[in-house]
J.: 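Can you read through this structure? Questions will come right after.
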Amino acid sequence: MIAKAENTSLERVRVLQRKLYLAAKTNPTRKFGVLYDKVCQIDVLWMAYKQVRANKGAPGIDQQTFEVIEKEVGVGSFLAEIQTKLMEKRYTPLPVKRVYIPKADGTQRPLGIPVIADRVVQAAVKIVIEPLFEATFKDCSYGFRPRKNAQQALREIYKWLNFKCHWVVDADLKSYFDTIPHDKLLLSVRTRVIDRSVVKLIEMWLTAGAMEEMKIRKETTGTPQGGEITPQTIWQTSAICFV
């Protein structure tokens, strides 16, 4: 019965995503203003939890683990509490836990690990808004998209080399995700999403700050890398198929 319920939830979410994708694809200039209620749907929250659970990851600053949620709290109760906070507009994200991972050049990449509850809400928002932006991408775009990866991009390059094309342009913006302006990022989001409650969620995640050495530092630029809506996680996550 549990497996059947999960499959039913998955199908409902797929139907929702497909409707959003087709609506966005049909009208490339349409802006969507009624999305927050979909983020709050229990089916969406369940699928968001499954995505977060599959990605594993360390606990955030509250030290709450998946084992505690599943064995002591109960996933149903955990998601019901999140849903209630969202619907009553009482949800507030906690600061992320700042950690560093070494890079190949000897420097360190800063990561921000949100608490599991925040990762679930982030994943729920991603489930709802990703189809809207996915509908505007061209087929030749491979970066941070569901069911696309760097290996596919390389195969595309090899194909054009066979057609006697000889130039490959490689460009990179240094520390882009650490320095992206919040106002310009939110303006980009509003090209498709004008639901104020959804935009407010994204804004709160951007400004929640990071805890490092027991001190909370607020950021005025950049986006924490390590949550469910950051490109690194999107790259790793097998998104629900909606096309």
Side-chain angles (χ1 to χ4, degrees), residues 31-33 35-36 39 48 51-52 55 57-62 86 89 91-130 132-134 136-137 141-146 150 169-237 239:
K31 298 182 179 182
F32 292 77
L35 297 170
Y36 190 77
V39 173
Q51 283 190 6
V52 173
N55 288 334
I61 63 172
D62 64 353
L86 286 171
K89 301 295 179 69
Y91 167 78
T92 303
L94 293 176
V96 299
K97 181 169 68 175
R98 175 70 73 219
V99 297
Y100 294 89
I101 59 173
K103 297 171 65 175
D105 60 4
T107 60
Q108 291 185 316
R109 182 190 301 278
L111 292 182
I113 303 175
V115 299
I116 293 175
D118 290 339
R119 287 174 5 221
V120 169
V121 182
Q122 290 179 7
V125 169
K126 175 178 173 287
I127 285 171
V128 173
I129 71 172
E130 186 176 53
L132 309 180
F133 294 97
E134 176 66 17
T136 65
F137 282 118
S141 178
Y142 289 87
F144 307 122
R145 295 180 63 189
V169 179
D170 182 16
D172 185 22
L173 298 177
K174 183 179 179 181
S175 301
Y176 176 70
F177 294 111
D178 298 330
T179 58
I180 183 171
H182 291 171
D183 56 344
K184 290 182 173 59
L185 178 59
L186 292 172
L187 277 175
S188 181
V189 171
R190 291 189 182 99
T191 61
R192 275 301 200 181
V193 178
I194 56 173
D195 187 315
R196 292 182 180 179
S197 296
V198 173
V199 175
K200 181 65 176 177
L201 287 176
I202 298 172
E203 185 178 11
M204 286 195 296
W205 292 325
L206 290 173
T207 58
M211 179 173 284
E212 184 176 1
E213 296 180 350
M214 301 306 294
K215 294 181 180 179
I216 297 176
R217 186 177 67 189
K218 296 289 185 177
E219 306 288 355
T220 57
T221 60
T223 173
Q225 300 178 60
E228 295 300 310
I229 56 172
T230 56
Q232 288 76 10
T233 305
I234 294 172
W235 185 278
Q236 297 165 3
T237 302

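Keep in mind the model is a prediction, meaning the values are calculated, not measured.
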J.: So do the side chains of Leu206 and Leu186 get within less than 4.5 Å of each other, counting heavy atoms only?
T.: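 In short, these two side chains touch, coming nearer than 4.5 Å.
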
J.: Going from CG on Leu86 to CG on Leu201, what distance comes out if it is rounded to the nearest 0.5 angstrom?
T.: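 Separation between the atoms: 6.5 Å.
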
J.: Between Tyr100 and Thr107 (side chain of the first, backbone of the second, donor and acceptor by atom type, cut-off under 3.5 Å), is there such a pair?
T.: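 No, the answer is negative, given that no donor and acceptor are paired below the 3.5 Å cut-off.
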
J.: Does Thr207 use its side chain to pair, donor to acceptor, with the backbone of Glu203 at less than 3.5 Å?
T.: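 Such a contact is found between Thr207 side chain and Glu203 backbone.
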
J.: Mark yes or no: Lys200 above the aromatic ring of Tyr91, with NZ or CZ under 6.0 Å from the six-membered ring centre and no more than 45 degrees from the axis.
T.: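 No, Lys200 does not lie over the aromatic ring of Tyr91.
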
J.: Hey, is the main chain of Pro114 close enough, under 3.5 Å, to the side chain of Arg119 for a donor-acceptor pair?
T.: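 Present.
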
J.: Taking the side chain as C-beta and beyond, is there a heavy-atom pair between Leu132 and Leu35 under 4.5 Å?
T.: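 The answer is yes, as the side chains (C-beta and beyond) meet within the 4.5 Å cut-off.
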
J.: From Met211 CE over to Arg98 CZ, what is the distance, rounded to the nearest 0.5 angstrom?
T.: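 The CZ atom of Arg98 is 12.0 Å from CE of Met211, to the nearest 0.5 Å.
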
J.: Enter the distance from Leu111:CG to Ile101:CD1 here, rounded to the nearest 0.5 Å.
T.: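 Rounded to the nearest 0.5 Å, the CG-CD1 separation comes out at 4.5 Å.
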
J.: Is a side-chain N or O of Lys97 found less than 3.5 angstrom from the main chain of Ala210, in a donor-acceptor match?
T.: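 No, because the side chain of Lys97 does not come within donor-acceptor range (under 3.5 Å) of the backbone of Ala210.
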
J.: Ignoring hydrogens and geometry, is there a side-chain-to-backbone donor-acceptor pair from Arg109 to Pro102 under 3.5 Å?
T.: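 No, the answer is negative, given that no donor and acceptor are paired below the 3.5 Å cut-off.
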
J.: Does Trp205 reach the side chain of Val121, with side-chain heavy atoms less than 4.5 Å apart?
T.: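 Counting from C-beta outward, Trp205 and Val121 do come under 4.5 Å.
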
J.: In Å, rounded to the nearest 0.5 Å, how long is the span from CE of Met204 to CG of Leu94?
T.: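 Reported value, rounded in 0.5 Å steps: 11.0 Å.
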
J.: Could you check whether any side-chain heavy atom of Ile194 comes within less than 4.5 Å of a side-chain heavy atom of Val199, counting everything from C-beta outward?
T.: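 When only atoms from C-beta onward are counted, Val199 and Ile194 do not touch, as no gap falls below 4.5 Å.
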
J.: Evaluate the side-chain contact (heavy atoms from CB on, under 4.5 Å) criterion for residues Asp195 and Val39: first the C-alpha distance (whole Å), next the side-chain angles of each, then the deciding distance (0.1 Å), finally the verdict.
T.: CA-CA 11 Å; Asp195 187 315; Val39 173; over 6 Å; no

J.: Could you grab the distance from atom CZ of Arg192 to atom CD of Glu130, nearest 0.5 Å is fine?
T.: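 These two atoms lie 13.5 Å from each other.
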
J.: For the atom pair CD1 (Ile113) and CD1 (Ile61), what is the distance rounded to the nearest 0.5 Å?
T.: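 Ile113 CD1 to Ile61 CD1: 11.5 Å, rounded to 0.5 Å.
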
J.: Taking the side chain as C-beta and beyond, is there a heavy-atom pair between Phe32 and Val193 under 4.5 Å?
T.: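 SC-SC contact between Phe32 and Val193 ruled out.
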
J.: For the residue pair Ala123 and Gln51, what are the closest heavy atoms and their distance?
T.: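 Minimum heavy-atom contact is CB-OE1, 4.2 Å.
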
J.: State, to 0.1 Å, how close Ile216 and Pro95 come at their nearest heavy-atom pair, and which atoms those are.
T.: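 Ile216 and Pro95 have their closest heavy atoms at CD1-CG, 3.7 Å.
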
